[in-house]
Amino acid sequence: LWLILNPLISVTLYATVFGGLAGLSTDGIPHFVFYLCSNALWSYFATCLNQTASTFTANASIMGKVYFPRLVMPISAVIAGLLDLMIQLGMLIIMMMGYAITGYHFNLGPMLLLAPVIIIQVGILGFGFGIIIASLTTKYRDLVVLIGFGVSLWMYATPVVYTSEIIPEKYISIYMLNPMASIIQCWRNVVIGAGTFCGDYWGISWIVTAGVLLLGVILFSHIEKTFMDTV
């Protein structure tokens, strides 16, 4: 029940504050559909990052008793996060069907086939950043306190509750260096037909994703050999 209520409450707040009071554009998409679409993918990213970031500190007692490939735990967190995502996507589909019955037309096409690819990329990106943070927290424990705050700030630096069109054109290239910015933009385009598909920036985000994953795996593999001495 909480997996259903939590996104509904969040989306209602977004629609009321950002869509209603602030009057931010949703590219002509119904507010609840727009925010639920964005929130579903962002929540999955935040879950992947937060769960993998606590891999060493939360599971030290298990890791100290038996050996197994340490990457199993963060990978399992990424896979488990798909449950929440699927529930929210199911809600999104039901909501879109409701609007379609009333006569609203969503501009969908073959690009919808890219949705699973985007989900995989978000899982990889959250996994990469998460294991980097997990590796650092074995020595710098105070970083754990900053994770939740940092993820919240990151959300507002990403077009989750607004569109990237509000960013001045001269700053858009810098803004899109945030890999999640282009991912969210492309996600909304392929899933609900909102905005434009920024293929160039999405390609850059894949490069960043690959780099973060490589750095995370290298750092994780190095730290796991001695983490029991510092956790």
Side-chain angles (χ1 to χ4, degrees), residues 27 34 37-53 55 71-72 74-82 84-86 88-89 92 107-136 147 150-167 169-222:
D27 288 326
F34 180 91
C37 177
S38 305
N39 184 73
L41 194 67
W42 178 263
S43 296
Y44 177 54
F45 171 72
T47 298
C48 292
L49 196 157
N50 288 324
Q51 293 297 321
T52 55
T55 296
L71 281 174
V72 168
I75 290 175
S76 66
V78 172
I79 296 175
L82 288 172
D84 292 11
L85 177 62
M86 292 302 109
Q88 293 196 51
L89 290 183
L92 176 63
N107 186 26
L108 304 179
M111 296 288 283
L112 186 60
L113 296 175
L114 290 177
V117 179
I118 296 176
I119 292 174
I120 292 172
Q121 181 185 7
V122 170
I124 294 173
L125 188 64
F127 172 80
F129 276 116
I131 57 177
I132 289 175
I133 296 173
S135 302
L136 295 176
I147 294 175
V151 171
S152 298
L153 286 180
W154 194 345
M155 189 192 82
Y156 291 108
T158 303
V160 175
V161 296
Y162 57 87
T163 65
S164 59
E165 280 73 19
I166 70 172
I167 306 299
E169 188 175 349
K170 62 180 179 179
Y171 297 123
I172 193 67
S173 296
I174 298 175
Y175 177 79
M176 283 296 182
L177 291 178
N178 169 9
M180 282 302 296
S182 58
I183 291 174
I184 291 289
Q185 187 84 352
C186 292
W187 168 255
R188 281 200 298 254
N189 179 259
V190 303
V191 174
I192 59 175
T196 57
F197 187 87
C198 46
D200 293 341
Y201 291 120
W202 189 40
I204 294 174
S205 75
W206 265 110
I207 296 175
V208 174
T209 300
V212 168
L213 176 64
L214 179 62
L215 176 61
V217 171
I218 293 175
L219 192 58
F220 191 94
S221 299
H222 176 73

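Worth knowing before you read on, the calculation uses all heavy atoms, side chains too, and leaves out hydrogens, waters and symmetry mates.
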Closest non-hydrogen atom pair between Leu113 and Val117, with its separation: O-CG2, 4.5 Å
Cys48 and Gly123: which non-hydrogen atoms are nearest, and at how many Å? SG-CA, 4.2 Å
Under 3.5 Å, is there a donor-acceptor pair between the side chain of Thr52 and the main chain of Pro74? no
Please answer whether the main-chain N or O of Phe34 pairs with a side-chain N or O of Ser38 as donor and acceptor at a distance below 3.5 Å. yes
Where the side chain of Tyr201 meets the backbone of Ile183, is there a donor-acceptor pair that is under 3.5 Å apart? no
Measuring from Phe220:CZ to Ser135:OG, what's the distance to the nearest 0.5 Å? 6.0 Å
Closest approach of Arg188 to Val160 (non-hydrogen atoms, all atoms of both residues): NH1-O, 3.6 Å
So do the side chains of Leu219 and Ile131 get within less than 4.5 Å of each other, counting heavy atoms only? no
Please report whether the ring centroid of Phe129 lies less than 6.0 Å from that of Trp154. yes
If you look at every heavy atom in Gln88 and Ala40, which pair is closest and at what distance? OE1-CA, 3.3 Å
If we only count heavy atoms from C-beta on, is the Leu41 to Val191 side-chain gap below 4.5 Å? no
Calculate, to the nearest 0.5 Å, the distance between atoms SG and CD1 belonging to Cys186 and Ile118 respectively. 6.0 Å
So which atom in Thr158 and which in Met180 form the shortest heavy-atom distance, rounded to 0.1 Å? CG2-O, 3.5 Å
Interatomic distance, CG@Leu112 vs CG@Asn189, rounded to 0.5 Å, equals 10.5 Å
Are side-chain heavy atoms of Asp200 and Met176 found at a separation under 4.5 Å? no
Which distance, rounded to the nearest 0.5 Å, do you find between the OG1 of Thr209 and the CG of Leu214? 12.5 Å
Measure the shortest side-chain to side-chain distance between Tyr44 and Asp84 over non-hydrogen atoms and say whether it is less than 4.5 angstrom. no
Distance col, row Thr47:OG1 vs Trp42:CH2, nearest 0.5 angstrom, shows 11.0 Å
Do Trp187 and Ile192 have side chains that approach each other closer than 4.5 Å (heavy atoms only, starting at C-beta)? no
CG (Leu177) and OG (Ser182) are apart, to the nearest 0.5 Å, by 9.5 Å
Which heavy atom of Thr196 sits nearest to which heavy atom of Gln185, and what is that distance? O-CG, 3.7 Å
Can you check whether Ile119 reaches Leu89 side chain to side chain, under 4.5 Å on heavy atoms? yes
Describe, in one word, how the ring planes of Tyr175 and Tyr162 are oriented to each other, choosing from parallel (under 30°), tilted (30 to 60°) and perpendicular (over 60°). tilted
Look only at the side chain of Asn178 and the backbone of Ala157, and say whether a donor-acceptor pair between them is shorter than 3.5 Å. yes
I want to check something: taking the side chain as every heavy atom from C-beta on, are Pro179 and Leu125 in contact at a cut-off of under 4.5 Å? yes
